[in-house]
Amino acid sequence: MNKPDQKRKILVTAALPYANGPIHLGHMVEFIQTDIWVRFQKLRGHECLFPWSDDTHGTAIMIRARAEGRSEEEVIAEADADHQRDFQGFQLQYDNYGSTHSDENRQVCGEIWKTLRDAGLVKEKDVEQLFDVEAGTFLADRFVNGTCPECKRTDQAGDNCECGHTYSPTELIDPVSVLSGTTPEIRSAKHLFIELEQLHDFLRQWTQSGEHLQPEVANYLKGHFLGDPDSKEGAKELRDWDISRPAPYFGFEIPDSPGNYWYVWFDAPIGYIASTLQWCKKNGQSLDNWWKNDAAEIHHFIGKDITYFHTLFWPGMLKAAGYSLPTKVHVHGFLTVNGEKMSKRKGTAFKAATYLKHLNPAALRYYYASKLGSKLDDIDLNFEEFTTKVNADLVGKVVNLASRSAKFVKDVGLSETYPDDGGLFESAAATGDEIAAAYENCEYNKAMRLILELADRANPYVENAEPWNLKKDPEKASELQDVCTVALNLFRQLVIYLSPVLPDLAEKTGALLNDPIVSWDQSKTPLTGTTVSKFKHMMKRIEEKDVKAMEEESKAEAEAAAAAAQTAATADQFNDSGQPMIDEPMAEECTIDDFMKVDLRVARIVSAEHVEGARKLLKLTLSLGGDHRKQVFAGIKAAYEPETLVGRQVVMVANLKPRQMKFGLSEGMVCASGPGGEEVFLLSPDDGAKPGQRVH
RNA sequence: GGGCCAGUAGCUCAGUUGGUUAGAGCAGGGGACUCAUAAUCCCUUUGUCGCGGGUUCGAGUCCUGCCUGGCCUACCA
């Protein structure tokens with residue numbers, strides 16, 4: 001299809017990491033897979049662009065921001081920084097890193113939306129959904145628990161029960177909002193839908209052509225969604241896709257539908273385009289050159305869980321909006337750890353950052369490469385295998401070639417002409433096409449196998465040539481140089497083949513032989529006549545203690561998180577630190593009369609605002625019920641966003657003598673604990689307390 | 001419940017359109033070497049190819065039933 005000597009224009013994407021959490025080694029399977037493919041294409045001399053982005057919208061981010069008392073923008077900015085730090089740690093080579101909460105994304109979403117409207121694909125329908133009155137939000141399924149209408153099991157998820165039944169959250173018996181613990185009410189709201197069925201014929205043709213998808217994936221779509229017009233059951237109708245959410249929602253408001261927002265799955269994949277647009281602006285290119293150009297290929301790398309979105313909605317949207325369709329969607333399986341599903345609770349959902357503290361990114365890149373094929377099978381991270389594989393293959397076989405021969409030619413460099421090596425170099429060069437095909441088809445495991453077979457031929461060559469004996473005889477100096485020239489060339493050839501996986505090793509090899517590795521074609525011609533630098537260690541062996549240290553740390557993180565969650569949820573942990581009492585020792589004994597002098601009252605915050613010029617203060621208006629209002633300046637600016645405080649009940653000192661402050665009169669104090677700054681924790685009464693009630 | 005995928009040596013996997021005694025790496029056993037990060041090289045043990053039927057001159061490979069595991073099952077991000 002594509003001749004190897006033809007320069008291709010390739011746009012590659014990986015799934016956009018969600019801004020609601022850290023990157024773990026499961027994510028890294030896909031990101032490393034994508035990065036290897038991108039580096040491979042560049043090495044082959046193709047023009048390859050990898051625009052990437054955080055995925056930032058949706059209810060989950062909104063809820064999290066509220067819970068943490070800060071803005072969504074703060075939450076996603078922090079996630080963005082954390083994600084990119086991890087990606088750089090793993091040597092991922094993306095060209096642009098955007099955000100789905102960007103101007104570019106809003107713009108492209110708007111343009112695509114308009115074409116969908118104009119094409120008559122959008123329709124409105126009323127949807128009944130559970131609404132949490134206290135939290136003031138509609139509840140996505142996962143934010144509701146209740147009793148299964150079928151088997152009456154209690155405490156089941158909003159859309160399915162462990163008995164296997166699926167239902168709508170509105171059918172739940174005794175539904176409870178997991179946000180507030182209150183009983184939500186059913187409310188009807190207008191939603192916007194895309195009538196995907198209008199694109200049925202196109203989607204069948206596109207998914208079943210055999211060009212764009214792995215056969216299992218095409219099969220899955222046919223069996224599940226599209227049906228088969230030639231079968232007994234016939235074609236199935238594609239359901240309408242609900243792409244709007246009513247306010248409040250963190251996302252983009254739909255321009256022609258005020259109060260409604262695009263569902264995160266509408267704007268997330270458009271983030272691929274928006275990130276490309278950002279890159280184009282910086283580099284003076286036209287977006288259409290990538291996204292509306294038949295000569296440009298588009299490749300998506302995704303996990304099998306999001307197949308549906310990328311193989312039906314996404315091509316449907318692109319088609320309707322006049323953009324290029326994906327050339328290929330590459331779907332991969334999940335990561336298991338030591339044969340089991342990753343578990344945050346058990347601490348086997350290793351964070352990328354935790355891994356990087358203890359281990360070399362190259363090791364994981366190689367290990368994943370050696371396991372990844374073109375199928376959807378899950379791959380397993382087994383640390384014993386990981387250690388032996390990296391040590392035996394990379395250090396023992398590949399790097400060893402350089403480490404056992406480079407120092408013999410440090411002073412003389414490589415021979416001027418490439419010596420007779422019995423055809424080793426040439427046959428390994430011939431294997432290059434097969435290795436390249438394996439990379440191209442995402443069969444990295446096959447590529448690694450082929451490369452290691454070559455390494456298994458190179459080491460015996462050195463063994464038989466015995467350079468360490470040649471060294472002893474000054475008359476055999478040129479023979480020694482020749483043997484090492486062969487060994488180093490075989491080594492360099494392997495490193496070129498491995499360079500998409502191990503960019504770091506490629507760079508060090510370039511430095512050793514004073515000829516940087518920049519192109520796949522360098523594997524076809526031996527390097528001669530260059531000087532050879534002093535050999536330095538290129539890759540460290542993996543030590544068991546480092547693996548153990550990472551496992552321990554991850555386990556400790558998991559336990560700490562679990563303990564924190566439990567303390568918060570049930571206050572059932574009595575192993576609290578003694579530090580606060582040390583920081584602030586007990587005050588002098590007081591009498592009940594002393595205490596009664598202080599009039600503590602439940603109050604509701606009815607307004608909260610920033611005070612211009614104040615560094616620490618927020619201005620609060622507190623209601624004690626009826627028309628009793630108090631104005632209070634509280635030093636909690638660093639810990640709370642004003643919007644999150646409104647409506648909240650707190651405990652205040654109501655009879656405190658008013659005090660004239662720089663910004664106005666303060667008529668009381670809100671009770672809070674903590675040392676100050678960001679560490680301030682307001683006191684709140686339990687549910688049922690009423691503003692104005694005295695605290696005894 | 002329905003669907004997709006997988007099940008080959010202790011472990012990780014290769015086995016092309018069915019064709020001779022089923023392969024590799026790691027691990028295990030024995031030996032060699034000492035240039036190299038206890039690295040390397042040579043030799044070597046191990047299989048009811050998940051189970052049962054069927055098609056065929058011939059099945060790991062095709063069909064079928066079952067068992068086991070992973071995943072998916074659209075308003076979940």
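By convention in this document, chain letters (A, B, ...) are assigned in the order of the sequence lines, proteins followed by strands, and residues within each chain are numbered from 1.
Within a 6.0 Å radius of CD in A:Glu68, more than 12 heavy atoms belonging to other residues, nucleotides or ligands are found. Within a 6.0 Å sphere centred on NZ of A:Lys534, other residues, nucleotides and ligands contribute 12 heavy atoms or fewer.
One P atom belongs to B:rC49, the other to B:rC72, and the distance between them is 32 Å to the nearest Å. Taking atom P in both B:rU55 and B:rA9, the straight-line distance is 28 Å, to the nearest Å. Taking atom C1' in both B:rG70 and B:rG50, one finds a spacing of 15 Å when rounded to whole Å. Taking the C1' atoms as reference points, B:rG10 lies 9 Å from B:rU46, given to the whole Å. With C1' as the reference atom, B:rA38 and B:rU44 are 22 Å apart, rounded to whole Å. Straight-line distance between the C1' atoms of B:rA36 and B:rA22: roughly 36 Å, to the nearest whole Å. Rounded to whole Å, the P atom of B:rU73 lies 35 Å from the corresponding atom of B:rG18. Annotation: B:rC75 and B:rA6 have their P atoms spaced 27 Å apart (nearest Å).
Note on A:Lys446: nothing from the nucleic acid sits closer than 4.0 angstrom, heavy atoms only. Residue contacts for A:Ile306: at a heavy-atom cut-off of 4.0 Å it reaches a base atom on one of the strands shown. At a threshold of 4.0 angstrom between heavy atoms, the contacts of A:Lys371 are confined to the sugar-phosphate backbone, with no base atom among them. A:Trp241 comes within 4.0 angstrom of no nucleic acid atom, judged by non-hydrogen atoms across all strands. Nucleic acid contact for A:Pro467: none, since no nucleic acid atom lies under 4.0 Å from a heavy atom of the residue. A:Val264 comes within contact range of the sugar-phosphate backbone alone, with a heavy-atom separation under 4.0 Å but no base atom that close. Contact annotation for A:Val127: no contact, since no heavy-atom pair falls under 4.0 Å across all strands. Contacts of A:Phe334 with the nucleic acid, taken as non-hydrogen atoms under 4.0 Å apart, involve only primed sugar atoms and P, OP1 or OP2. Within 4.0 Å of A:His57, counting heavy atoms only, lie sugar-phosphate atoms of the nucleic acid but no base atom. Across all strands shown, A:Asp305 has heavy atoms under 4.0 Å from base atoms, whether or not it also approaches the sugar-phosphate. Among the heavy atoms of the strands, none lies under 4.0 Å from A:Phe313.
Using modelled atom types, one finds a donor on one side chain and an acceptor on the other under 3.5 Å when comparing A:Ser415 with A:Asp482. A donor and an acceptor atom, one from each side chain of A:Thr59 and A:Arg245, are nowhere located under 3.5 Å apart.
Considering only the side chain of A:Asp377, B:rA6 comes nearest among B:rC75, B:rA6, B:rU37. Each of B:rA77, B:rA36, B:rC4 was ranked by its minimum atom distance to the side chain of A:Asn400; first place goes to B:rA36. Of the candidate nucleotides B:rU37, B:rC75, B:rG70, B:rG70 has the atom nearest to the side chain of A:Asp378. When distances are taken from the side chain of A:Lys397 to each of B:rA14, B:rC26, B:rA74, the shortest belongs to B:rC26. Of the listed nucleotides (B:rC4, B:rA6, B:rC26), B:rC4 has the atom at the smallest distance from the side chain of A:Glu216. Set against B:rU73, B:rC75, B:rC71, the side chain of A:Tyr220 has B:rU73 as its closest nucleotide. Of the candidates B:rC75, B:rC5, B:rG25, B:rC75 carries the atom nearest the A:Arg245 side chain, counting heavy atoms from C-beta on.
One can place CE of A:Met539 at 16 Å from C1' of B:rA36, the figure rounded to the nearest angstrom. In this structure, A:Asn459 places its CG atom 6 Å from C1' of B:rU40, rounding to the nearest Å. The interatomic distance linking A:Asn469 (CG) with B:rC35 (P) rounds to 8 Å, in whole Å. As a whole-Å value, the separation of A:Lys407 NZ from B:rC35 P is 8 Å. Following rounding to the nearest Å, A:Glu434 (CD) and B:rA14 (P) show an atom-to-atom distance of 15 Å. Between the CZ atom of A:Arg404 and the P atom of B:rA36 there is a distance of 10 Å, given to the nearest Å. The CD atom of A:Glu466 sits 12 Å away from the C1' atom of B:rU40 (whole-angstrom rounding). The CD-P distance, from A:Glu463 to B:rC35, rounds to 12 Å in whole Å.
Base pairing of B:rU17: no nucleotide in any strand meets the Watson-Crick or G-U wobble criterion (both distances under 3.5 Å). Nucleotide B:rG1 forms a Watson-Crick or G-U wobble pair with B:rU73, both donor-acceptor distances falling under 3.5 Å. Of the nucleotides present, B:rU68 is the one that pairs with B:rA6 by Watson-Crick or G-U wobble criteria, both distances under 3.5 Å. Under the Watson-Crick and G-U wobble criteria, each requiring two contacts below 3.5 Å, nucleotide B:rC35 is left unpaired. Under the Watson-Crick or G-U wobble criterion, with both distances below 3.5 Å, B:rG28 is paired with B:rU44. Nucleotide B:rG60 forms no Watson-Crick or G-U wobble pair with any nucleotide shown, as no partner meets the under 3.5 Å limit on both distances. Of all nucleotides present, none satisfies the Watson-Crick or G-U wobble test against B:rA22 with each distance under 3.5 Å.
Relative to the ring axis of A:Phe334, A:Lys304 places its NZ or CZ within 45° and under 6.0 Å from the centre.
Each of A:Ala392 and A:Phe309 was assigned the nucleotide of RNA chain B with the nearest heavy atom; the assignment lying further toward the 5' end belongs to A:Ala392. Checking A:Asn445 against A:Gly396, the closest nucleotide of RNA chain B that is more toward the 5' end is the one next to A:Asn445.
The ring of A:Phe250 has its center closer than 6.0 angstrom to the ring center of A:His101. Taking the six-membered ring wherever Trp is involved, the centroid distance between the rings of A:Tyr261 and A:His57 does not fall below 6.0 Å. Aromatic ring centroids of A:Trp241 and A:Phe313 lie under 6.0 Å apart.
Within the 4.0 Å cut-off from OP1 or OP2 of B:rA77, at least one side-chain nitrogen or oxygen of A:Tyr263 is found. The shortest distance between the side-chain N/O atoms of A:Asn464 and the OP1/OP2 oxygens of B:rC41 is not below 4.0 Å. Between A:Arg449 and B:rG25, a side-chain N or O to OP1/OP2 separation shorter than 4.0 Å is absent.
Per the stacking criterion (ring centres < 5.5 Å, plane angle < 30°), A:His537 stacks onto the base of B:rU37.
Between A:Lys397 and A:Asp456 there is a salt bridge, since at least one side-chain N of the basic residue sits less than 4.0 Å from a carboxylate O of the acidic one.
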> Step by step, would you call A:Glu463 with A:Arg404 a salt bridge (charged side-chain N to carboxylate O under 4.0 Å, His left out)?
Replying inline: CA-CA 10 Å; A:Glu463 203 76 17; A:Arg404 72 195 306 195; 3.0 Å; yes
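Between the base of B:rA36 and the side chain of A:Trp468 there is no donor-acceptor pair shorter than 3.5 Å.
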